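This one's a predicted model, so the numbers in the text were calculated from it and none came from an experiment.
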Amino acid sequence: MVRTLTRDTTPRELLSFFARHRHTGRLTLGFAPGLGLTLELAGGRLAALGGPLVPRVGRALEALGLQGLAGALVRGARLSALPGGEEAQRLRFLVALSPFWDRLASFSFRPLDLPPVGPPLGRLLEEVEAHAHPPGPPLDPLARFAVPEDLGPAGGRLWALEPEELRFLGLFGAGAPLALAAVRGLYPWDAFVPRVRALEALGLLGEASRPGPALRPGDPAPPFTLEALDGTLFSLGEMRGRKVLLAFFRHGGCPFCNRRVHELKASYPELRALGVEVVGVFGSPRESLLHRVGRQNPPFPLLADPDDRVHALYRTRTSLLGLLDPRALPYYLEGLRLGIPHGATDGELFRMPAEFLIGEDLRIARAHYGRNGADRLPLEEVLRWAR
């Protein structure tokens with residue numbers, strides 16, 4: 001018998017149904033291509049468990065101090081029928097199911113004749129329910145996280161990590177889905193997510209961005225850490241759970257850029273009231289920013305990206321025609337009237353502006369690549385998005 005996905009089918013509802021009706025057979029759940037698990041259910045008990053999203057038996061036995069059961073398993077014994085085996089199955093079930101507890105899944109069920117052994121399914125469901133909902137902004141268990149290839153200033157934070165935190169970073173390899181990293185570390189979802197968020201806020205973990213000529217809505221915002229105007233380190237991961245207007249600029253003395261900062265400064269109280277943080281990234285060293293755009297004393301972070309590392313991550317563009325576009329001249333003159341020193345150019349002269357609206361999940365909601373020095377997101381559009 002094969003069941004197909006319905007609009008509101010989740011593991012919570014599906015397994016509650018099987019626990020109540022005590023069906024016996026093999027249930028297969030799928031969450032993404034190649035990512036699923038198989039459960040053998042026997043009269044309201046969990047007889048066996050397997051699949052890519054399930055921790056290895058040996059790892060669970062080791063964590064519980066039950067390595068002595070390994071020999072019996074090699075000889076063909078069922079884990080759930082061994083002393084201590086139910087505890088190992090409980091741990092494996094908890095780690096595998098807690099990330100996906102309320103997530104839609106495809107499934108199939110095949111009736112089989114199985115002996116009624118293993119931990120009671122109802123008790124397992126109660127435990128998963130207690131561990132499936134970490135506080136704070138949610139994380140997608142299928143999102144691929146990795147340690148950024150270029151940590152920038154965040155690299156110094158590695159030295160302050162405890163050995164356990166360093167081991168935790170090692171779970172992510174080259175962009176593993178969060179659920180698989182949790183399986184490797186044997187972490188229930190409510191213990192795993194806070195650790196991810198803490199390292200993300202330090203700039204040491206982030207969602208892996210996709211290659212391509214431009215970022216698009218739905219793409220993860222590439223993680224980064226840069227030095228701010230006040231000398232502190234700012235990491236994009238700090239912004240999870242908040243909305244962000246991320247603006248890229250040429251250099252600290254650029255009249256186009258200073259005009260935009262002036263505009264954002266004037267609108268900042270309204271943006272902040274709507275839950276939007278403004279972050280500006282300049283292709284200048286911090287010392288230059290202090291003596292140029294820093295004179296405006298903006299109430300939001302301005303970040304120094306003198307090596308254009310983060311500009312490259314966000315695929316900002318250059319254009320000689322855009323620099324010479326006469327339509328931008330009035331905006332340029334307004335920037336000159338602010339009186340900010342602009343004689344020295346310590347950033348890419350031909351760089352065009354780029355601005356991104358980033359949602360609470362740190363995914364891009366709007367990507368705007370300017371065609372000339374004055375081409376930026378209309379503030380009315382930003383305010384509509386924030387509302």
Side-chain angles (χ1 to χ4, degrees), residues 1-19 23 25-41 46-57 59-60 89-110 119 121 124-134 136-146 171-197 200 205-210 218-220 240 359-363:
M1 175 176 64
V2 176
R3 307 275 182 163
T4 56
L5 176 67
T6 61
R7 191 168 178 79
D8 54 358
T9 301
T10 64
R12 177 217 292 265
E13 294 165 332
L14 197 59
L15 289 168
S16 296
F17 172 84
F18 280 100
H23 290 296
R26 181 176 293 123
L27 174 66
T28 301
L29 297 172
F31 303 101
L35 290 178
L37 58 134
T38 299
L39 306 94
E40 291 189 356
L41 308 175
L46 177 66
L49 185 64
L53 289 171
V54 180
R56 294 180 178 275
V57 173
R59 178 76 178 86
Q89 287 290 54
R90 178 201 65 80
L91 178 60
R92 298 173 75 224
F93 185 88
L94 174 59
V95 171
L97 265 297
S98 56
F100 298 99
W101 194 228
D102 291 303
R103 190 181 182 94
L104 294 179
S106 61
F107 73 95
S108 63
F109 180 76
R110 184 178 301 279
L121 189 57
L124 294 176
L125 303 189
E126 292 176 2
E127 187 162 5
V128 174
E129 174 67 29
H131 290 273
H133 305 105
L139 288 176
D140 180 355
L142 295 177
R144 293 181 176 273
F145 270 52
L171 298 175
F172 292 85
L178 288 177
L180 278 183
V183 164
R184 291 172 188 158
L186 219 63
Y187 287 100
W189 196 236
D190 64 331
F192 180 78
V193 167
R195 284 175 169 262
V196 172
R197 288 204 202 103
E200 182 183 44
L205 265 183
E207 191 167 356
S209 58
R210 302 181 183 93
D219 286 346
R240 182 171 289 279
E360 296 168 341
D361 57 356
L362 295 186
R363 286 182 172 269

**Student:** If we only count heavy atoms from C-beta on, is the L124 to R90 side-chain gap below 4.5 Å?
**Tutor:** yes
**Student:** Would you say that L15 contacts V128 through its side chain, given a criterion of any heavy-atom pair below 4.5 Å between the two side chains?
**Tutor:**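 SC-SC contact between L15 and V128 ruled out.
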**Student:** Does any non-hydrogen side-chain atom of P52 lie less than 4.5 Å from one of F31?
**Tutor:** no
**Student:** Can you confirm whether W189 sits close enough to L178 that some side-chain heavy atom of one is under 4.5 Å from a side-chain heavy atom of the other?
**Tutor:**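 W189 reaches L178 side chain to side chain.
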**Student:** Treating R144 as the side-chain partner and A208 as the backbone partner, does any N or O pair qualify as donor plus acceptor under 3.5 Å?
**Tutor:** no
**Student:** Would you indicate whether the side-chain heavy atoms of L37 and F93 approach each other to under 4.5 Å?
**Tutor:** no
**Student:** Quick check: closest heavy atoms across R184 and A176, and the distance to 0.1 Å?
**Tutor:**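 Scanning both residues completely, I find the closest heavy atoms to be NH1-CB, 3.4 Å.
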**Student:** Could you go through the side-chain contact (heavy atoms from CB on, under 4.5 Å) check for L362 and E200 one step at a time?
**Tutor:** CA-CA 11 Å; L362 295 186; E200 182 183 44; 3.3 Å; yes
**Student:** Flag the pair L53 / L29 as yes when at least one side-chain heavy-atom distance between them is below 4.5 Å, and no otherwise.
**Tutor:** no
**Student:** Mind listing the closest non-hydrogen atom pair of L142 and R103 along with its distance?
**Tutor:**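 Closest approach of L142 to R103: CD1-NH2, 3.3 Å.
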**Student:** Any side-chain heavy atom of D140 within less than 4.5 Å of one from E207?
**Tutor:** no
**Student:** Do L39 and L46 pass the side-chain contact (heavy atoms from CB on, under 4.5 Å) test, and can you show the C-alpha distance, the side-chain angles, and the key distance before you say yes or no?
**Tutor:** CA-CA 7 Å; L39 306 94; L46 177 66; 4.0 Å; yes
**Student:** Check for a donor-acceptor pair, side chain of S98 on one end and backbone N or O of P188 on the other, with a separation under 3.5 Å.
**Tutor:** no
**Student:** Could you tell me whether a side-chain N or O of R240 sits under 3.5 Å from a main-chain N or O of L139, the two making a donor and an acceptor?
**Tutor:**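 Side chain of R240 to backbone of L139: no pair is present.
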**Student:** Determine whether W101 and H133 make a side-chain contact, defined as any pair of heavy atoms from C-beta on separated by less than 4.5 Å.
**Tutor:** yes
**Student:** Look at the rings of F109 and F18 and say which category their plane angle falls in: under 30° parallel, 30 to 60° tilted, over 60° perpendicular.
**Tutor:**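 If you compare the ring of F109 with that of F18, the planes turn out tilted.
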**Student:** Return yes when atom CZ of R363 has more than 12 non-hydrogen atoms of other residues, nucleotides or ligands closer than 6.0 Å, and no otherwise.
**Tutor:**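 It does: R363 CZ has more than 12 such atoms within range.
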**Student:** Has R92 got a side-chain atom pairing as donor or acceptor with P55's backbone, closer than 3.5 angstrom?
**Tutor:**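 Side chain of R92 to backbone of P55, a donor-acceptor pair under 3.5 Å: yes, one is there.
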